[in-house]
Every structure is written in C-alpha cells, then in structure tokens.
Amino acid sequence: MISEMVSVPADHLTLSGDFVVPDSSRATVLFVHGVHTSRQDPATRSVAAELHRAGFGTLAVDLFSETEGRRAEAMSEQRVDIDMLGRRLIAAVDWLGIQPDARTLPVVLFAAGAEAAAALIAAAALPDEVLTVVSWAGQPELADGFLERVRVPVLFVESGEDPEDLRSSGQAAERLAGPHAVREVRGASHRLREPGALSRAAAVVEEWFTEVHRPT
C-alpha cells in the first residue's frame, strides 16, 4: 500500500493532499475539501479508511492552500469562487492521471456542501477522466451553467430531513446531460458527523461505483 502526503500543483500554487493506494485498487475516490470540511477531519479519515478496506484508493485534497485556509473558513458559499475551485479540482484530477499507481484507475469525485458544485464543474470538463460524482448533502445548484454539460453519472445523497434540499438536488439532477439518481440516506450531512454516517457514506460510494462501473 502507498500512503503519503502530497502537493498538487494548481492555479499557480500547491494544494495539500493525503494519497493512499491499497494493493489492487479498484478506483481512486477523490475527496473534495475546502469550504465546509478539511482533509484532516476525523470523519474524512474514517470514511477513507473504510474505503481502503473495500479496495479503493483515496486522494483527500484541500482546494485552498494553507495560506488561504483561514480565509476560506470565514467564507459563505455565496462568497466562494466556485469556478476557481472547479479549476483546482480539475488540476487534482489531472495530477492523478500522471501518478504511476493511479493513472489507470477510474476516478470517483466525492464532495459535500459547496464543494459538490466544484466536483460537477470538474466532471463537466473531464468526462473521460471522471467516472462518476457523489454529491453528499451538496449544493449542486452552485454549479449553475455547468450542470447541462455533465455527462458522467451523478448520485445526489440527501438526508430527507429538509424537503428543500431534496428539491434542490432533484432540480439539479434534471438539468444534467447524463444518468443520475437522488437517494435519501439517514444522517447525511455535509460534515459526516451523525451516528452511522461514516459507514453509510463508504457503503454508498462502493455501491454506486459498482452500479456505474463497466470494466473495459
């Protein structure tokens, strides 16, 4: 197993990441962080560990550099440059594409909150590199005009506790150019801190990957 801290070049700076590739990995799950969460959150590490046991590699990357981190914490979604985060995520996917141990593996983007919009922007730009996107309690509407360009399969996960969240995900799903599904998962929130949410998140990723992956 490969496990290392990495620096990903993007937007004339470097982004910090944690890169793990178990032996015989099935895919790489790219965890997107920056606005709501950090790659160092215990929840992220726990979900990643579950996926490693299931045979997935992971790259957890913060889309803000270390010097930008404090400023990002004070931002609301309305003040974040989603297009910029999308460009940085595209750079992270490109980085995976040149890693000897990951370049042949399918890429799954997993993002929550505002970061889910960045994942959809990256998926729209890289339909041949991104296999699928999992938006976990995300805010896909922030991707706006990019939604119609997303051709890869997308899974929207919501807790179902707020009908407005389900409605928002459903409306975003209808604008996509590719296959999609909206599912309710108890305890789903952008911080993954609810009881049982960690194991459910890992299970959802594995099940959705199995559903959409067609080996060539």
Side-chain angles (χ1 to χ4, degrees), residues 1-22 25 27-49 51-52 56-77 79-103 105-136 138-140 142-143 146 150 152 190-192 201 205:
M1 174 186 286
I2 295 171
S3 179
E4 58 186 350
M5 292 183 62
V6 296
S7 295
V8 179
D11 240 5
H12 307 294
L13 45 77
T14 57
L15 308 176
S16 298
D18 297 316
F19 185 44
V20 179
V21 184
S25 286
T28 303
V29 179
L30 202 168
F31 287 97
V32 187
H33 298 286
V35 182
H36 285 115
T37 59
S38 163
R39 79 182 202 283
Q40 297 178 337
D41 284 350
T44 296
R45 295 180 181 274
S46 295
V47 174
L51 289 170
H52 299 157
F56 290 88
T58 59
L59 171 63
V61 64
D62 288 320
L63 296 184
F64 290 100
S65 68
E66 293 182 4
T67 56
E68 294 174 310
R70 291 181 182 273
R71 188 167 72 246
E73 291 177 2
M75 290 181 176
S76 66
E77 294 81 34
R79 296 173 57 196
V80 172
D81 187 339
I82 298 297
D83 289 353
M84 176 195 72
L85 297 186
R87 291 195 304 272
R88 293 183 179 186
L89 183 53
I90 289 168
V93 175
D94 288 342
W95 181 88
L96 277 175
I98 61 174
Q99 303 311 304
D101 298 289
R103 63 190 177 195
L105 298 176
V107 176
V108 178
L109 301 183
F110 181 98
E115 290 92 323
L120 290 168
I121 290 173
L126 302 172
D128 296 326
E129 289 78 16
V130 174
L131 173 69
T132 186
V133 176
V134 176
S135 169
W136 183 274
Q139 294 174 285
L142 297 179
F146 289 92
V150 178
V152 306
H190 64 264
R191 296 194 182 277
L192 286 170
V205 171

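By the 4.5 Å heavy-atom criterion applied to side chains, V61 and D18 are not counted as neighbours. M1 is not listed as a side-chain neighbour of V21, based on a closest heavy-atom distance of 4.5 Å or more. Contact of the L96 side chain with the L30 side chain is registered, since non-hydrogen atoms from C-beta on lie closer than 4.5 Å. Residues S16 and M5 fail the side-chain proximity criterion, which asks for heavy atoms closer than 4.5 Å. You'll find the side chain of F146 reaches within 4.5 Å of the side chain of I121, heavy atoms only. For the pair V6/L59, a side-chain contact is recorded, criterion being any heavy-atom separation below 4.5 Å from C-beta on. You'll find the side chain of V93 reaches within 4.5 Å of the side chain of L109, heavy atoms only. Looking at F110 and E115, their side chains never come closer than 4.5 Å, going by heavy atoms from C-beta outward.
Minimum interatomic distance between R103 and G97 (heavy atoms only, all atoms of both residues): CB-O, 3.1 Å. Nearest approach of L89 to A119, heavy atoms of both residues: CD2-CA, 3.4 Å. Contact between V152 and A123 at its shortest, heavy atoms only, is CG2-CB, 3.8 Å. Summarising the geometry of T58 relative to F31, their closest heavy-atom pair is CG2-CE1, 3.7 Å, with the distance given to 0.1 Å. When every heavy atom of I82 is checked against every heavy atom of A114, the shortest pair comes out as CD1-O, 4.0 Å. The two atoms that bring L15 and D62 nearest to each other are CB-O, 3.4 Å, heavy atoms only.
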Please lay out, stage by stage, how T28 and V108 fare under the test side chain to side chain contact (heavy atoms under 4.5 Å, CB included).
CA-CA 6 Å; T28 303; V108 178; over 6 Å; no
Decide yes or no on side chain to side chain contact (heavy atoms under 4.5 Å, CB included) for I2 and V20, but give the supporting numbers first.
CA-CA 5 Å; I2 295 171; V20 179; over 6 Å; no
Under the ring-ring contact (aromatic ring centres under 6.0 Å, His included) criterion, do W95 and F19 qualify, and how do the steps go?
CA-CA 11 Å; W95 181 88; F19 185 44; 5.2 Å; yes
Under the side chain to side chain contact (heavy atoms under 4.5 Å, CB included) criterion, do V29 and V205 qualify, and how do the steps go?
CA-CA 9 Å; V29 179; V205 171; 4.0 Å; yes
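Using a distance-only test at 3.5 Å, with no hydrogens or angles considered, no donor-acceptor pair links the side chain of R88 to the main chain of A10.
In this structure, the separation between CG on L85 and CG on L142 is 10.0 Å, given to the nearest 0.5 Å. Taking CG from L51 and OG from S25, the interatomic distance works out to 10.5 Å, rounded to the nearest 0.5 Å.
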